Structures are given as structure tokens and as C-alpha cells.
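Note that this is a predicted model, so its numbers are computed, not measured.
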Protein chains: 2
Amino acid sequence: MIRVILFEDNKNMRESLSLYLASSDGIWFAGAFPDARNAITSVKKFKPDVILMDIQMPQVSGIEATIEIKKVYPNVKILIQTIYEDDDKVFQAICAGANGYIIKSTKPENYVNAIKDVFVGGSHLSPIIAAKVLAMFQHQFVRIQPTYIELTQREKEILTCMVKGMSYKMIADACDIKFSTVCTHIKNIYEKLHVNSAPEAVVKALEMKLV
Amino acid sequence: MIRVILFEDNKNMRESLSLYLASSDGIWFAGAFPDARNAITSVKKFKPDVILMDIQMPQVSGIEATIEIKKVYPNVKILIQTIYEDDDKVFQAICAGANGYIIKSTKPENYVNAIKDVFVGGSHLSPIIAAKVLAMFQHQFVRIQPTYIELTQREKEILTCMVKGMSYKMIADACDIKFSTVCTHIKNIYEKLHVNSAPEAVVKALEMKLV
DNA sequence: GGCTAAATCCCTAATTTTAGGGAGTGTACT
DNA sequence: AGTACACTCCCTAAAATTAGGGATTTAGCC
């Protein structure tokens, strides 16, 4: 049996969800709360395996509650359930440590599926949310290089050293070349990247993921 | 009806999946292929809405095929189905533009659910995969600040200017303070961040997401 | 062979940054 | 009333970076 508690400010929603969960196989519904002000004590008292958490609640938001609970009970699974599907909320929820994110419009059996998924260590994301997460993920990692910049092997090597915060002298040592050669390379790098200083070059290198 | 094609090198798997999909409601199964060498021409010919793609295939991997197909047909939905659940494969698949990732052990009806999810613009991730994605996501974005560093408002402002590649003089102008004050602030910043140069400070600022 | 690009080296001089030091103002908290 | 801290400013001098210029060697390509 999976012990579940619910945080949800909307009375109707809270009562109907409670009823549904209480009558679901494999779920032991331990309690429902209209706000998350005493979330920690509730968790301590009811020892849930999975928490269903609304985002929009008076006093303490579901995001804040998630952060607090995860700090003290990192193994409790938290399933966000909300009507919000904007990037920011999704982003915050994930960063807070949520184990799943389902939108409220889903069929009630999806709640049970999601609870079972997160209980065994998986995550459950509604398709719309999953799409958002993947999009954010790609945006983060896929290299966008509109202006294709060609740095030579040596130049990349030296740029990498600069990113590490090394001085010209240290770079010369590390690459086993003369100080003056480092100067030359860096001059060329600046020209190729259209920058005029080390910090600028470093920022550009990082954002273009050249190194 | 959702037009679906399948890339899968394992004969048994290919045939049983084909059978199952061909008999599923709402799905028009258009074809199955043992490798992805002519993926583009197959897509052109069969005009699928959704492609089921294995990762491990001879000649051309499912990841490579995904990249190629997405380049030409960005609107075709690609659903990765594989036995691999290691971080690297998941990561690559997502970066390649996959719209979903399901592991082969799932029940056949999950295939149909996933196909329907991606067809309407959502994404579908198996719980284990979703958990991995969320973990990677958190790892990327959650600020790990073991050494809690407090920069004052002004210091953050100046650090931001440095990240933009501005010189001391430009910063002084921008913040409407004297050059010497900029020096003082930067000295303090270096002390707080335990660095000795502008590039280092910039890198640290970015990786600690202080700015 | 001639050409090009990468990589190496050197010089000078201007400019910028960094490392010391000290010092005054205002605000907020105790 | 006193203290702490953020913010401001100044000075000097050493160190590092940037901007010019030019030069050689090696390797690959036509």
C-alpha cells in the first residue's frame, strides 16, 4: 500500500480527489490539507510515501512547500498537480525537486498511475509538460552556432585555458610554448571572436560552447 | 488515423510490433524497416506522422537517423524505443530532437499511448527515463553553493558588467561611479570569490549563476 | 615548385588591470 | 551612542594585457 497525502486549497477538488484516492487499489489515503503552512509537521505525522501537491495555494505555495519538504525528507516523492503549464512554474517545480508534474485536466486514473510511477522511483510527466521539459533541455544543450567560427586546435586549447582563469604566463607553461606565442594566439582568437578582452572572450566561448 | 512507420533491426521485435500496431485503433501502420540507411527517402515516401525508432541499429544509429530526419522534416514526431536507459543515450536522443523515449519492456499498449501523445504535440517519457531527465535537469539548474557567497547589490551589478565584457572605465560610466570605486568593488569581489583575475571571476559568476 | 594556413617566435609601447595602502559618508541595527 | 557594513573616493606602483608591427618553420594542397 502506498501512503498518500494531498495538499489542495480548492475544496471541491480536494474532496473529490480524496474520495477517488481513498477508493483506489494499492493506495492508502492518509489525509488532505487545504494549505501547506504546516507541511513539515504533516509529513512527520502521516509519513506519506507520495505527496500530491497543488502549486497555487494561499500562504505557502506548493513550490516552496516542495523545497522545504525535500530538505528534510528527500525520499518522499512529491507529485505536482496543477492547472499551470507555463514554463516558469514547470521549471521551478523541477528545480524544487518534484518527482512528477501532472496537469489537473487529466483523467483521475492518471493520478493513480502517476502515484505508482513515482513510488517505484520513476517520474511521471503529463505529455504537455514532458514536451516543455524536453524543449527546455534541448534549448540548454544544443549548440547554436549561427556564425560558424573556426578556431584552430591550438586556439581552442588556449581558449580553454583562459576559461580556467589562467594568465598568459601559466598558459605558456601549460602548453609548453613561449609567452609571446600565447600573445599571438590570443590576438588571433580575439579577431575571430570579434572581442577585445579576456572576459569577453571567455563569455563568448562559454555561450557558444566552443570549449 | 495516425500514420506510423517503424525502424527496428531485430526481426522478432519488428514483426510483433508491426502486427500489434497494424491492429491498433487510430493507427495506420505504413511500414517497418530493419535499418535507417535510407531513412530520409522512407520518410519522403511514406509520410509518417510518427516514427518509432530503435537506437541500436547496424550502419546508422537511431540517434543519427533522428538528427537527419529532423533536419529535413522537423514536424515529424520521433519516438525513441530502446532497451538502453543510460544517461548518455537519453541525453543524445533528446538533443537530437526526439519527442519521446520509451523503454522496450513496457506493455504494448504503452506504445499506442505514446504514439497518440506525441501525435498531438506532447511528449511521452517512460517513468525511468523521465526520472533521469529530471535529475539531469536539476543537476544543470539547481545552484550548488556549498560555500554560500554573498555579493552586495553593487557588486553583483559590477560583476554583471564584467560578464558583458566591459572595461573598468566603461563600468564606471555605466554605474555612474568613479573609476577608482570600480577598482575597489572589483577588489572586494575577487576576495569574496577567491579569484585573482577578471576571466576567473566571470567563469565563477556564470557557473555559480550569481548574475 | 608555389601557395596557404597553422603554429611558433620576437619587439616596442600604450593601456589596463591588480595589489597595496587609507579614508569619508550614510544607513541600519543593537 | 556605538558599531557594522555598503558604498564611495583617492594614491602609488607593480604586473599583466592589448595593439602594432614582422618573421620563421612545417605541412598540406594544386
- [ ] With a 4.0 Å heavy-atom cut-off, tell me which residues in residues 179-188 of chain A come close to DNA chain C, sorted by residue number.
- [x] A:Ser180, A:Thr181, A:Thr184, A:His185
TODO: Just grab all the salt bridge (charged side-chain N to carboxylate O under 4.0 Å, His left out) pairs involving residues 46-61 of chain A, residues at least two apart or on different chains.
DONE: A:Asp54-A:Lys104
- [ ] State which residues pass ring-ring contact (aromatic ring centres under 6.0 Å, His included) with A:Tyr20; sequence neighbours excluded, sorted by chain then number.
- [x] none
- [ ] Using atom CD of A:Glu200 as one end and atom C1' of D:dT17 as the other, report the distance to the nearest whole Å.
- [x] 14 Å
TODO: Calculate the interatomic distance between A:Ile158 atom CD1 and D:dT17 atom C1'; express it in whole Å.
DONE: 15 Å
Task: A:Asp35: partners by side-chain hydrogen bond (donor to acceptor under 3.5 Å, both in side chains), with sequence neighbours left out - done: A:Arg37
- [ ] Provide, to the nearest angstrom, the distance between the OH atom belonging to B:Tyr190 and the P atom belonging to C:dA19.
- [x] 8 Å
Task: Test side chain to side chain contact (heavy atoms under 4.5 Å, CB included) applied to A:Lys89 - qualifying residues, sequence neighbours left out - done: A:Ile55, A:Tyr84, A:Asp86, A:Tyr101
Task: Nearest-angstrom distance from the residue atom CD of A:Glu155 to C1' of C:dT8 - done: 13 Å
TODO: Give the rounded distance in Å between these two atoms: CD1 of A:Ile189 and P of C:dT8.
DONE: 11 Å
- [ ] Rounded off to whole Å, could you give me the CD1-to-C1' distance for the B:Ile177 and D:dC7 pair?
- [x] 9 Å
Open item on the list: Can you measure B:Met166 atom CE to D:dT17 atom P for me and round it to whole angstrom units?
Closed with: 21 Å
TODO: Just compare C:dT17, D:dC7, D:dT17 and give me whichever is closest to any side-chain atom of B:Ser167.
DONE: C:dT17
Task: B:Lys178 side-chain proximity, nearest of D:dC9, D:dA16, C:dA6 - done: D:dC9
- [ ] Any side-chain hydrogen bond (donor to acceptor under 3.5 Å, both in side chains) involving residues 110-129 of chain A? Give me the pairs, sequence neighbours left out, ordered by first then second residue.
- [x] A:Gln81-A:Tyr111, A:Asp117-A:His124
TODO: May I have the distance from B:Asn196 (atom CG) to D:dA16 (atom P), rounded to whole angstrom?
DONE: 11 Å
Open item on the list: Please determine whether the number of non-hydrogen atoms from other residues, nucleotides or ligands lying under 6.0 Å from atom NZ of B:Lys164 exceeds 12.
Closed with: no
